[in-house]
Structures are given as C-alpha cells and as structure tokens.
**Student:** 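Dropping a structure here in structure tokens format, bear with me for questions.
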Amino acid sequence: MSQAPVVTRFAPSPTGALHIGGARTALFNYLFARHHGGQFLLRIEDTDKARSSAENTQAILDGLNWLGLDWDGEPLSQASRADRHIEVAHELLAKGAAFKCFSTQDDIEAFRESARAEGKSTMFRSPWRDVEAADHPDAPFTVRIKAPQSGSTTISDAVQGDVTWKNDQLDDMILLRSDGTPVYMLAVVVDDFDMGITHVIRGDDHLANAFRQSLIYTAMGWDLPVYAHIPLIFGPDGKKLSKRHGATGAAEYQMMGYPAAGMRNYLTRLGWSHGDDEFFTDAQAIEWFGLDGIGKAPARFDFKKLENICGLHNAATDDAALLHEIEAFLHATDAPALTEAQRDGMSRGMYCLKERAKTFPDLLEKAHFILTSRPITPDDKAAKHLNDVSRGILSELTPHLQNVSWSRDALEDAVAQLAAAHETKLGKLAGPLRSVLAGRAVSPSVFDMMLVIGREETIGRLTDATG
Ligand code: GLU
C-alpha cells in the first residue's frame with residue numbers, strides 16, 4: 001500500500017515572538033518532513049485579532065529564517081480562511097452533526113448555578129440539542145457540535161501512546177459564535193484537513209484539544225492526522241521554562257551570538273534522542289529523526305550543554321561560512337561592520353579563533369588582536385604580565401624576528417632560544433608576549449597570533465611595548 005506523502009506544519013499564534021518551545025516544535029516538524037521527503041508548511045494562527053500583530057508574525061518568520069527552518073510554499077493566514085471555516089460549520093449543521101443553540105449567556109450562567117447548587121457537573125448541556133428547526137425562535141444562535149455523550153474516545157498518540165477520554169467529559173463545543181464567527185478549534189481542524197496535514201506534532205498542552213478536534217474530524221468523516229504531542233520544555237529546576245531560568249525567545253539567543261547550527265542541534269536533542277549522540281550535523285538530524293525518538297518526559301533546558309554544543313559547531317563550521325555568520329551577527333546587533341583589513345585578518349585567523357569559542361562574542365573577544373590596532377593598550381589582566389624585566393627580555397626578540405622564516409617552527413625556536421638564554425621557560429614568556437600582541441589575557445596562542453598578523457605587525461607591536 002502506498003503511503004500518503006508526509007505533510008507537517010508549524011502553526012504559531014502571532015501573539016508574541018518565537019519562543020524556544022515553539023522553535024523546537026517547528027524544528028521537529030521540519031525534521032520529520034525532511035526525513036520523509038515531505039512538506040513542512042507554515043500557518044499563522046492570527047484569528048485573535050486583538051492579540052495578533054504583523055510585527056509578531058515578522059518576528060516569528062525572522063526567527064525561523066535565522067534557524068534555517070525553511071518552510072514550503074507561502075505562510076497561510078488562518079484569519080483569511082474564515083469563510084471556509086463557516087462553510088464547514090454549516091455542513092455539519094446540514095448533516096445534523098451540529099445544532100443551533102439559542103441559549104443566552106444568562107441561560108448558561110443560570111444552568112451552571114443550579115448545577116453547582118445540586119453538586120452536578122457544570123459542563124453546559126444545551127436544551128436545544130434535539131429541538132426541531134420548526135421550533136426554533138427567530139433569535140441569535142451559536143452553532144454547537146453534537147458531542148457523543150457516552151462511551152470514550154481514544155487517540156493513539158505517537159508520543160503519549162493511547163490516550164482515552166470519557167465522552168461525558170466532552171461538551172457540545174461552540175463552532176460558530178452568535179455573531180457568526182468561527183472558533184479557533186474549528187479553524188485548526190479545517191485548515192489541517194485542507195492543507196493535507198498528515199502529522200500534527202505540537203506541545204502536549206494541546207493534547208486535550210485533540211479530543212475536541214477529533215469530534216469535528218469524525219463528524220465530517222475525515223481521517224484523523226497522526227498526533228504527536230511533545231512534552232513541554234522545563235528549566236533546570238524541573239519547572240516549566242520561563243524567563244526566570246534565562247532567555248526564552250529564539251531571537252534572544254541570536255542576539256547573544258549562539259550559532260544557528262548549534263542551536264538546531266541542541267533544540268533537536270531537547271526531548272529527542274538518537275542513542276548517545278549529542279553532537280550531530282543537520283544532515284544526520286534529518287537522517288535520524290523520527291517520532292519514536294521523542295521522550296515522554298519533559299526535557300530540561302541545560303544552558304551549559306547548549307554552550308558546549310555551540311562551541312563544537314563553531315569549531316566544525318567552514319571558516320568562510322563562519323565569518324559570514326559573524327558578519328550577520330554584527331549586523332543584527334547593530335555593531336559596526338568589519339573593515340576590509342579586519343575581515344582579511346579574521347579570514348586568516350579563523351582556524352584558531354573558532355576553537356573553543358561558544359558564542360560569536362567569545363570568538364570576537366579572541367579576535368581582539370586582529371580587530372584592534374597599534375598601539376595596543378593592554379587591559380588590566382594583560383597588563384599584569386608586563387614589567388621592566390619581561391619588557392627587557394622581549395626587546396631582545398625583535399632582532400631575531402627580522403630574519404627568521406615566518407613559520408610556526410621557526411617562531412617557536414626563536415622564542416625558545418630567548419627563554420633558554422634567560423634560563424626561563426617558554427611558557428613564562430607567553431604571558432608578556434600575549435599582552436604585547438593582543439592586549440588581552442585570553443587569545444589564541446602567541447605563535448598563531450604572530451602567524452596571523454605577520455612579521456611587520458608583530459615587530460611593530462613589540463617595538464611599541466618595549467620601546
Ligand atoms: N496556534 C497554537 C499555538 O501557538 C498551535 C496550535 C496547533 O499546533 O494545533 O500554540
């Protein structure tokens with residue numbers, strides 16, 4: 001039997017920026033679709049006009065773009081499809097699977113009050129459910145679905161397993177409000193059906209909705225999609241991830257200079273696993289991803305792990321691509337762009353800058369020796385390595401560097417000989433030399449710096465510092 005091609009979707013409500021949890025949901029949908037050679041669609045759930053905004057939509061698209069989660073086709077606006085949602089509600093009415101309810105807010109309140117007084121369930125049961133059209137008043141009405149009142153509904157969730165809900169807990173939910181507008185729950189189902197969504201992968205805060213949504217599928221005679229409700233993300237303390245734990249917006253991580261590849265890798269691991277693999281490429285993630293790897297327990301956001309994975313990705317990224325990302329980061333954070341000379345220096349030095357740099361600011365700090373210009377002013381930490389003795393020793397290095405071949409071996413020899421002449425260790429000279437070349441206590445090795453900035457600049461900096 002041939003299987004329908006996989007179609008997934010990310011359906012954010014543009015009531016805020018892209019949250020880390022949303023980004024992970026999008027990523028799982030993206031990976032699942034790409035793994036199966038299917039489609040990953042985007043639907044903006046903008047029916048709540050008061051809370052939705054074009055700025056938020058843009059911020060979500062920007063966040064997805066930053067993460068490299070390219071969707072197929074154009075994003076679909078849910079609000080633009082209201083007519084179709086209404087049409088389906090009328091179809092359900094015509095089928096007798098929904099009914100017109102003339103109860104007013106006051107009627108519903110009175111129902112609840114008396115139910116409370118009698119200690120019964122306050123779930124509203126409309127008296128209009130079985131009333132013939134001929135007996136309908138000429139008054140405003142809502143359209144409600146006829147939910148089954150006995151038995152149970154089971155959803156086979158790809159993550160949660162079989163989940164069963166007693167039908168007497170399901171109300172005859174409203175499909176169209178008394179002003180004729182469709183409710184969100186109807187819109188989601190109609191859109192998922194019309195978009196041909198085969199797999200709904202989303203946060204498990206939507207699990208209860210799945211039961212109510214399944215009523216509409218069943219009433220319309222539509223096949224249910226495969227549901228996969230993923231546990232929410234927790235903070236390190238086991239409570240739902242919130243601002244108390246640290247940044248929760250995807251854009252905040254972009255602004256802090258985390259590489260998108262590292263972020264993708266870390267978010268993929270957050271609630272999904274493939275053996276013990278922690279570090280992997282995008283191609284591996286696509287190859288390995290499946291719903292069976294998603295855990296049932298909430299994953300905890302581990303900031304240290306994120307940093308480590310990001311560091312590994314920086315080190316593994318191609319030099320030119322990394323430089324490109326750093327320039328995009330500078331642009332996004334309104335920092336000055338690199339000059340031509342700085343870019344050349346970064347290009348030459350990238351091989352050593354990218355080692356052990358977790359974020360772009362870390363990397364740029366290591367690149368200080370390239371980005372700065374003579375005369376170098378050492379910061380307080382670096383300045384501690386410089387005194388008359390160390391300056392005196394270093395001043396003897398300059399003549400040696402005039403003629404030495406500019407290779408790592410030759411430079412190491414020159415510095416080792418100087419150390420030997422002063423009966424000291426090479427390591428003892430590294431601090432002062434670092435200070436002179438970079439003005440910082442943290443930098444690539446002194447030999448890497450010399451190789452990157454070249455003979456003339458090295459001698460210039462030594463001369464500046466040793467007089
Ligand atoms: N718009 C919903 C949200 O942002 C998602 C609905 C869904 O995935 O079905 O939480």
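Indexing begins at 1, ligand by ligand and atom by atom, following the structure's order.
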**Student:** Give a yes/no on ligand 1: does Gln213 have at least one heavy atom closer than 4.0 angstrom to it?
**Tutor:**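 Checking ligand 1 against Gln213, which is what was asked, there is no heavy-atom contact under 4.0 Å.
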**Student:** Centroid separation under 6.0 Å, is that true for the rings of Phe279 and His313?
**Tutor:** yes
**Student:** Under 3.5 Å, is there a donor-acceptor pair between the His85 and Asp191 side chains?
**Tutor:** yes
**Student:** Specify side chain, backbone, both or neither for Arg9, according to which of its non-hydrogen atoms lie closer than 4.0 Å to ligand 1.
**Tutor:** side chain
**Student:** Going by distance only, is there an N or O of Val200 that falls short of 3.5 Å from an N or O of ligand 1?
**Tutor:**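 Such a contact does not occur with ligand 1.
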**Student:** May I ask you to say whether Arg244 pairs ionically with Asp237, meaning some side-chain N is under 4.0 Å from a carboxylate O?
**Tutor:** yes
**Student:** Does Phe28 have Arg24 sitting over its ring (NZ/CZ under 6.0 Å from centre, angle to axis within 45°)?
**Tutor:** yes
**Student:** Which of the numbered atoms in ligand 1 are under 4.0 angstrom from any heavy atom belonging to Glu45?
**Tutor:**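 Atoms satisfying the 4.0 Å criterion: 1 (N), 2 (C), 5 (C), 6 (C).
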**Student:** Ser13 heavy atoms, cut-off 4.0 Å: which ligand 1 atoms fall inside?
**Tutor:**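 Result: 1 (N), 2 (C), 3 (C), 4 (O).
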**Student:** For His206, take its heavy atoms, then give the atoms of ligand 1 lying under 4.0 Å from any of them.
**Tutor:**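 Answer, ordered by atom number: 2 (C), 3 (C), 5 (C), 6 (C), 10 (O).
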**Student:** Strictly under 4.0 Å, does any heavy atom of Tyr184 approach an atom of ligand 1?
**Tutor:** yes
**Student:** Verify the ring-centre separation between His229 and Tyr227: is it less than 6.0 angstrom?
**Tutor:** yes
**Student:** Are Tyr30 and Phe32 an aromatic pair, judged by ring center distance below 6.0 Å?
**Tutor:** no
**Student:** What class does the angle between the rings of Trp222 and Phe193 fall in, given that below 30° is parallel, 30 to 60° is tilted and above 60° is perpendicular?
**Tutor:**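 Taking Phe193 first and then Trp222, their aromatic rings lie parallel (interplane angle under 30°).
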**Student:** Considering distance alone, does some N or O of Arg43 sit under 3.5 Å from an N or O of ligand 1?
**Tutor:**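 There is no such contact.
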**Student:** For Ala11, take its heavy atoms, then give the atoms of ligand 1 lying under 4.0 Å from any of them.
**Tutor:**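 Every atom of ligand 1 under 4.0 Å from some heavy atom of Ala11: 1 (N), 2 (C), 3 (C), 4 (O), 5 (C).
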**Student:** Numbering the atoms of ligand 1 from 1, which are under 4.0 Å from a heavy atom of Arg202?
**Tutor:** 7 (C), 8 (O), 9 (O)
